[in-house]
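Notes follow the structure.
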Amino acid sequence: MPDAPTLLLFPGLGADARTYGPQRSLPVHLEFAEWPEPESPAESLAHYAQRIAERIGPRENLYVGGVSLGAMVALEAARLLNARGVFLIGGCIAGRQIAPLFRSVLTVGAAMPTRLIQSALLISPLAFLVFERLTRDHRRLMTRMLREHSPAQTRWSCRAILEWECCATPREVPVHAIHGAEDEVIPLRNVRADHVVPAGRHMISLQAPGEVNRFIVERIGAEGCGRVARGAKSSVAR
C-alpha cells in the first residue's frame, strides 16, 4: 500500500503554524514549515525557498501549499521537494498581482528600519479590520503572531514579495488554487482560481476553513486521505 499523503503547509507573512489551526482536522499527515532568518536583506524569495526545501528534503507522496507568502514559497520549493501538487490558498504567481494598497503597505515595511518594525505593528489590528473579515479571536491570533515574529524576517518578506516572479515549479506538477471572491490583498481578478469562496477575503484558511479543507481533500483524492483518516497527525518541519 502506498504511503499516506503528507501535506506540508507554509505560513503567511509574519505568521506560523497557528494560522492552520482549522486545517489540523484534515485526514492527512500534516507538517508545518518554519521561517528561517534571511541570509541577507537582498536574498531572493526563490533562494530562500531553496534553502528551506534543502533543509526539509524531498519525500514521496508529498503535497505542499500555503497562504499568501506561504503559497509563493510552496511554488518555489515544489520541485526540490518532489511534490505531487501545490495548493495556493489565497495565493498568486507574482508580486505584481497584489493590490496597489497592500503593495504600498509592503513598500513601507520593506523600507522601515528593523528597530521600528515592532512599534509599527501596533496598528496591525486596524489592518486586519480593513483587509479581512475575521472573528475577534482570529484577529487577536494574527496580531499576536505578527508581533512575535522576527522583525528582520518580516522586513525581508515585504521586499521579497514585491520583487517576486514565479517560478521553478515544473509544468507537470498540478497547482490547485482556492481564492476568496472579495480578497482585497490579492484580488480575484488578478489570478486564476480553481475554486472561489463566496464573500471570502484573503485569510480564507481561517474565515472559511470548511470550504478550504473540502477543496484540499477533493484535490488530493478521497482514497489517499481516507487511509489516514483515523490516525492523522501533524508536526513542524525544520
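Judged by distance alone, with hydrogens and angles left aside, the side-chain atoms of Asp183 form no donor-acceptor pair with the main-chain N or O of Gly200 at under 3.5 Å. In terms of modelled atom types and a separation under 3.5 Å, the side chain of Gln50 and the main chain of Ala46 share no donor-acceptor contact. In terms of modelled atom types and a separation under 3.5 Å, the side chain of Tyr48 and the main chain of Ser157 share no donor-acceptor contact. When atom types are taken as modelled, the side chain of Arg103 and the backbone of Gly95 share a donor-acceptor pair closer than 3.5 angstrom. With hydrogens and angles disregarded, a donor-acceptor distance shorter than 3.5 Å links the side chain of Gln23 to the backbone of Ser205. Side-chain N or O atoms of Gln97 include one that pairs as donor or acceptor with a backbone N or O of Ala94 at under 3.5 Å. A donor-acceptor contact shorter than 3.5 Å links the side chain of Arg155 to the backbone of Met112. No side-chain donor-acceptor contact under 3.5 Å links Arg159 to the backbone of Thr107.
If you chain together hydrophobic residues whose side chains sit under 4.5 Å apart, Leu162 and Phe102 fall into the same group. Note: the hydrophobic cluster containing Val173 does not contain Leu80 (ILVMFWY, side chain heavy atoms under 4.5 Å, direct or indirect links).
A pairwise comparison of heavy atoms in Glu34 and Arg55 identifies O-NH2, 3.3 Å as the closest pair. Nearest approach of Ala181 to Pro198, heavy atoms of both residues: CB-CA, 4.2 Å. Ala77 and Ala53 get closest at one heavy-atom pair: CB-CB, 4.0 Å. Of all non-hydrogen atoms in Glu43 and His47, the two that sit nearest each other are OE2-ND1, 2.8 Å. Taking every heavy atom of both residues into account, Ala71 and Gly66 meet most closely at CB-O, 3.3 Å. Nearest heavy atoms, Leu62 versus Leu81: CD2-O, 3.5 Å.
In this structure, Phe10 and Val64 have side chains that are in contact, with non-hydrogen atoms separated by less than 4.5 Å. Using a 4.5 Å cut-off on side-chain heavy atoms (C-beta onward), Pro22 and Leu206 make contact. Using a 4.5 Å cut-off on side-chain heavy atoms (C-beta onward), Met72 and Glu76 make no contact. Contact check for Tyr63 versus Arg219: no side-chain heavy atoms found under the 4.5 Å cut-off. Here the side chains of Leu88 and Val86 are in contact, with some heavy-atom distance below 4.5 Å. Here the side chains of Phe32 and Pro11 are not in contact, with every heavy-atom distance at 4.5 Å or above. Annotation: side chain of Glu182 is in contact with side chain of Arg133 (closest heavy-atom distance under 4.5 Å). Using a 4.5 Å heavy-atom cutoff, the side chains of Val175 and Leu75 are in contact.
A donor-acceptor contact closer than 3.5 angstrom is absent between the side chains of Trp156 and Glu37. No side-chain donor-acceptor contact under 3.5 Å links Gln207 and His202.
Residue Ile93 places its CD1 atom among 12 or fewer non-hydrogen atoms of other residues, nucleotides or ligands, all under 6.0 Å distant.
The pair Arg59-Glu31 meets the salt-bridge criterion, since a charged nitrogen lies less than 4.0 angstrom from a carboxylate oxygen. Checked for salt-bridge contact, Glu148 and Arg18 meet the test: a charged N lies under 4.0 Å from a carboxylate O. A salt bridge between Arg84 and Glu60 is absent, with no side-chain N of the basic residue lying under 4.0 Å from a carboxylate O of the acidic one.
Interatomic distance, Leu8 CG to Leu30 CG, rounded to the nearest 0.5 Å: 9.5 Å. Once rounded to the nearest 0.5 Å, the distance linking SG of Cys92 with CG of Leu69 reads 10.0 Å. Here the CE atom belonging to Met145 is positioned 10.5 Å from the CG atom belonging to Leu13, to the nearest 0.5 angstrom. Once rounded to the nearest 0.5 Å, the distance linking CD1 of Ile56 with CZ of Arg51 reads 12.0 Å. Arg139 contributes atom CZ, which lies 7.0 Å from atom CG of Leu134 (distance to the nearest 0.5 angstrom). Leu9 contributes atom CG, which lies 4.0 Å from atom CG of Leu7 (distance to the nearest 0.5 angstrom).
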>> Before you tell me yes or no, could you show the steps for Ile89 and Phe215 under side chain to side chain contact (heavy atoms under 4.5 Å, CB included), namely the whole-Å CA-CA distance, both residues' side-chain angles and the distance that decides it to 0.1 Å?
In response: CA-CA 10 Å; Ile89 307 170; Phe215 176 75; over 6 Å; no
>> Is there a side chain to side chain contact (heavy atoms under 4.5 Å, CB included) between Val28 and Thr6? Walk through the geometry before answering.
In response: CA-CA 6 Å; Val28 298; Thr6 294; over 6 Å; no
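Within the structure, every pair that satisfies the ring-ring contact (aromatic ring centres under 6.0 Å, His included) test and touches residues 70-100, not counting sequence neighbours, is listed here: Phe87-His176.
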